[in-house]
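Step one of this worksheet: look at the structure below.
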2 protein chains.
Amino acid sequence: MDTFTALAEPNRRRLLEAIRQEPCTVSMLVTRSDLSQPAVSKHLKHLREANLVVVKPDGQKRWYSLNPTPLEEMEEFLEPYRQLFLTRLDALEQHFDLTSRTETNEGD
Amino acid sequence: MDTFTALAEPNRRRLLEAIRQEPCTVSMLVTRSDLSQPAVSKHLKHLREANLVVVKPDGQKRWYSLNPTPLEEMEEFLEPYRQLFLTRLDALEQHFDLTSRTETNEGD
DNA sequence: CAGTTATATAACTATATAGATATATTTTTG
DNA sequence: CAAAAATATATCTATATAGTTATATAACTG
């Protein structure tokens, strides 16, 4: 599963947030979420497949820790958009307000 | 559809990339992608619902333009992880290599 | 060793989603 | 106005996904 798909699921984002703060076992995550144990294990499987977490067995416990590396892919995706946060809808307005309209007020 | 879900689909990311570069009509996007017209329209519907694009009708054409605002949500999500790109797996190593093990080599 | 704890997985159900084809709607054009 | 063009939508199919319950697999504990 790729990074974007893995993070599309809100519970998975929440699990990753928990793991980001400190390494967690499955049961810790079950307690801190409102998910069943199998549900947590399944989400962790996806996070593992996306390489967003790494597991360290410790007896019967599994410590899940964050691997932030794949998030750089999202950073790279966002990079070209970042400057646009400043200008917002300027591109749209430029493109159209210069073409035909003068002051016709067609609202959204 | 929320931002994360909208961007989980690779074709949708590609469409947004095209729209980012310049406002596009549907047929322009059909030409530039390898998607059918209905497929493009459907993806655009999702991008609209995620508020990632805005539409400006112009006769029978629809000009789709980028609205980068929802991407800030992703930025905010990534923000706490950003510093960790530097330290990578250090958190994991710290947590474990200091707890119990000395040199027991239990591989992954 | 028996029971319990921690985790993973299998089987199933319900829902969402992407794509295709066909069609409807609106606008343009001759 | 009739045909064509641009786009949206409806319907269908196939696939993916999240969740549940039940169970399997280890590891711990008294």
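In what follows, every chain begins at residue 1, and chains take the letters A, B, ... in the order their sequences are listed. Predicted model, so just to flag it, every value in this text is computed and none were measured.
For A/N11 and C/dA16, the CG to P distance is 15 Å, given to the nearest whole Å. For the pair B/R13 CZ and C/dA18 P, the interatomic distance rounds to 12 Å; values are reported in whole Å. Distance, A/M1 CE to D/dT17 C1': 8 Å, rounded to whole Å. Between B/F4 atom CZ and C/dA16 atom C1' there is a gap of 19 Å when expressed in whole angstrom units. In this structure, the CG atom of A/L35 is 7 Å from the P atom of D/dT20, given to the nearest Å. Put simply, CG on A/L7 is 16 Å from C1' on D/dT17, counting in whole angstrom units. Rounded to a whole Å, the CG atom of A/D34 is 9 Å from the P atom of D/dG19.
Closest of all the heavy-atom pairs between A/V53 and A/I19 is CG1-CD1, 3.9 Å.
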Q. Once each nucleotide of nucleotides 4-15 of chain C is scored for protein heavy atoms under 4.0 Å, what B/S/- sequence comes out, 5' to 3'?
A. -BSBBB------
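The shortest distance between the side-chain N/O atoms of B/H43 and the OP1/OP2 oxygens of C/dG19 is below 4.0 Å. Between B/S36 and C/dA20 there is a side-chain N or O to OP1 or OP2 distance below 4.0 Å.
For A/R20, the salt bridge (charged side-chain N to carboxylate O under 4.0 Å, His left out) partners at least two apart in sequence or on another chain are A/E17. Listed by chain and residue number, A/E22 satisfy the salt bridge (charged side-chain N to carboxylate O under 4.0 Å, His left out) test with A/R32 (two or more places apart in sequence, or in another chain). A search for side-chain hydrogen bond (donor to acceptor under 3.5 Å, both in side chains) contacts involving A/S27 returns A/T25, not counting sequence neighbours.
Each salt bridge (charged side-chain N to carboxylate O under 4.0 Å, His left out) pair with one or both residues in residues 38-47 of chain B, not counting sequence neighbours, would appear here, but there are none.
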Show me the donor-acceptor pairs, under 3.5 Å and distance only, between side chains in residues 1-8 of chain B and residues at least two apart or in other chains.
from, atom 1, to, atom 2, distance (Å)
B/D2, OD1, B/T5, N, 3.4
B/D2, OD1, B/T5, OG1, 2.3
B/D2, OD2, B/F4, N, 3.1
B/T3, OG1, B/E73, OE1, 2.9

